[in-house]
Amino acid sequence: MVWYANAEGRYGEAGRKGDTGEMVVERYLKENEIPYDKKEDYISQVLKKIDFIVDGVKMDVKTNIFKEYLAVEAYDSKGNKGWIYTTTAKQIYAVGLEHNSIYRYNVEDMRLYLARNQNRLKKAKNEAYLLWVPLSTPFIEKLQ
């Protein structure tokens, strides 16, 4: 298998969006002088789903904000657990490209929220099952 350091090389258009989200987060971290380590290797990016280590915390970037909601993948198109269950990150930085907004939440909080709201899952165009989570949910923090 060919390894592409950027997500666009691995996933096409969806990956390009992800790469852009990572750039928005990295700019935010630099501008606010927040210490971080960018993870660009295969094991971190693909297997562990880690994009950065921020202040010692493993985090993943998701470019998944639409209007006033986060799209959280509960199950993929094959019925396997979605990224919210397979990531080894402790936090997610969710990016909205329209306004370069960034929100942060703990993965465990979102997993608990998902467990309580399974009845609200919606099938997406790509056949994955998503939960649309309002940005106003108490455990989601706006950073930018």
Side-chain angles (χ1 to χ4, degrees), residues 1-32 34 36-54 57-144:
M1 177 176 109
V2 176
W3 163 246
Y4 295 95
N6 64 12
E8 181 177 12
R10 296 190 303 272
Y11 305 113
E13 177 61 23
R16 186 188 63 72
K17 257 180 58 179
D19 290 339
T20 304
E22 288 180 28
M23 286 187 274
V24 169
V25 168
E26 189 165 23
R27 189 175 325 114
Y28 166 82
L29 295 171
K30 284 180 181 176
E31 287 172 358
N32 290 282
I34 299 169
Y36 70 93
D37 178 24
K38 185 169 171 85
K39 308 307 279 181
E40 297 182 287
D41 61 285
Y42 175 80
I43 291 172
S44 297
Q45 284 275 316
V46 177
L47 301 179
K48 295 182 176 182
K49 298 177 178 67
I50 303 294
D51 294 318
F52 295 93
I53 298 179
V54 179
V57 178
K58 295 176 188 174
M59 52 86 55
D60 191 7
V61 174
K62 293 296 180 189
T63 309
N64 62 345
I65 294 177
F66 304 95
K67 301 193 185 221
E68 297 298 316
Y69 294 88
L70 296 171
V72 178
E73 183 187 68
Y75 301 98
D76 69 14
S77 60
K78 297 175 185 154
N80 299 315
K81 289 181 177 182
W83 59 257
I84 193 64
Y85 295 114
T86 60
T87 186
T88 62
K90 297 299 178 203
Q91 292 184 336
I92 302 292
Y93 278 34
V95 176
L97 294 179
E98 186 176 345
H99 301 291
N100 285 332
S101 56
I102 304 172
Y103 291 79
R104 176 177 58 193
Y105 59 88
N106 291 324
V107 170
E108 279 306 313
D109 290 337
M110 187 60 76
R111 288 175 180 166
L112 290 169
Y113 184 86
L114 231 163
R116 291 190 303 265
N117 291 280
Q118 287 285 314
N119 61 323
R120 293 182 36 228
L121 291 177
K122 302 287 184 207
K123 195 174 201 178
K125 291 178 190 174
N126 70 354
E127 302 292 311
Y129 282 90
L130 307 177
L131 182 64
W132 293 93
V133 182
L135 291 173
S136 60
T137 304
F139 63 84
I140 299 173
E141 173 188 10
K142 184 170 185 171
L143 300 177
Q144 165 178 296

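Please read all numbers here as calculations on a predicted model, not as lab measurements.
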Over 12 foreign heavy atoms within 6.0 Å of CD, Gln118: yes
Verdict with supporting geometry, Glu22 and Val95, side chain to side chain contact (heavy atoms under 4.5 Å, CB included): CA-CA 8 Å; Glu22 288 180 28; Val95 176; over 6 Å; no
Least distance between heavy atoms, Ala89 atom then Val107 atom: O-CG2, 3.4 Å
Those residues that, when tested against Tyr93, pass ring-ring contact (aromatic ring centres under 6.0 Å, His included) (two or more places apart): none
Flag if over 12 foreign heavy atoms under 6.0 Å of NZ, Lys81: no
Separation of Ile92 CD1 from Asp109 CG (nearest 0.5 Å): 11.5 Å
Verdict with reasoning, Phe139 to Leu112, per side chain to side chain contact (heavy atoms under 4.5 Å, CB included): CA-CA 11 Å; Phe139 63 84; Leu112 290 169; over 6 Å; no
Side-chain touch Leu121/Leu114, heavy atoms, less than 4.5 angstrom: yes
Arg120 side chain to Leu131 backbone, donor-acceptor under 3.5 Å: no
Spacing of Thr20 atom OG1 and Leu97 atom CG [to the nearest 0.5 Å]: 6.0 Å
Return all side-chain donor-acceptor pairs below 3.5 angstrom for residues 122-129, not counting sequence neighbours, or 'none' if the list is empty.
from	atom 1	to	atom 2	distance (Å)
Lys123	NZ	Glu127	OE1	3.1
Asn126	OD1	Ala128	N	2.9

Face-on cation placement of Lys62 at Trp83 ring, 6.0 Å and 45° thresholds: yes
Rounded distance [0.5 Å steps], CD in Gln91 versus CD1 in Ile53: 12.0 Å
Shortest non-hydrogen contact between Pro134 and Tyr113, atoms and distance: CD-OH, 3.8 Å
Any donor-acceptor pair under 3.5 Å from Asp76 side chain to Lys78 backbone: yes
Minimum heavy-atom distance Gln144-Val24, with the two atoms named: NE2-CG1, 4.1 Å
Within 6.0 angstrom of Tyr28 OH, more than 12 heavy atoms from elsewhere: yes
Interatomic spacing from CD1 in Ile50 to CG in Asp41 - rounded to 0.5 Å: 10.5 Å
NZ-CG distance between Lys67 and Leu135, expressed to the nearest 0.5 angstrom: 13.0 Å
Separation between CD of Glu40 and CD of Gln45, rounded to the nearest 0.5 Å: 7.0 Å
Over all atoms of both residues, closest heavy-atom pair of Thr87 and Lys49: OG1-O, 3.2 Å
Side-chain touch Lys48/Asp60, heavy atoms, less than 4.5 angstrom: no
Aromatic plane relationship, Phe52 with Tyr36 - under 30° parallel, 30 to 60° tilted, over 60° perpendicular: perpendicular
Derivation of the side chain to side chain contact (heavy atoms under 4.5 Å, CB included) call for Asp51 and Lys38: CA-CA 6 Å; Asp51 294 318; Lys38 185 169 171 85; over 6 Å; no
Least distance between heavy atoms, Ile65 atom then Ala94 atom: CD1-O, 3.6 Å
Shortest non-hydrogen separation from Ile102 to Val25 and the atoms involved: CD1-CA, 4.0 Å
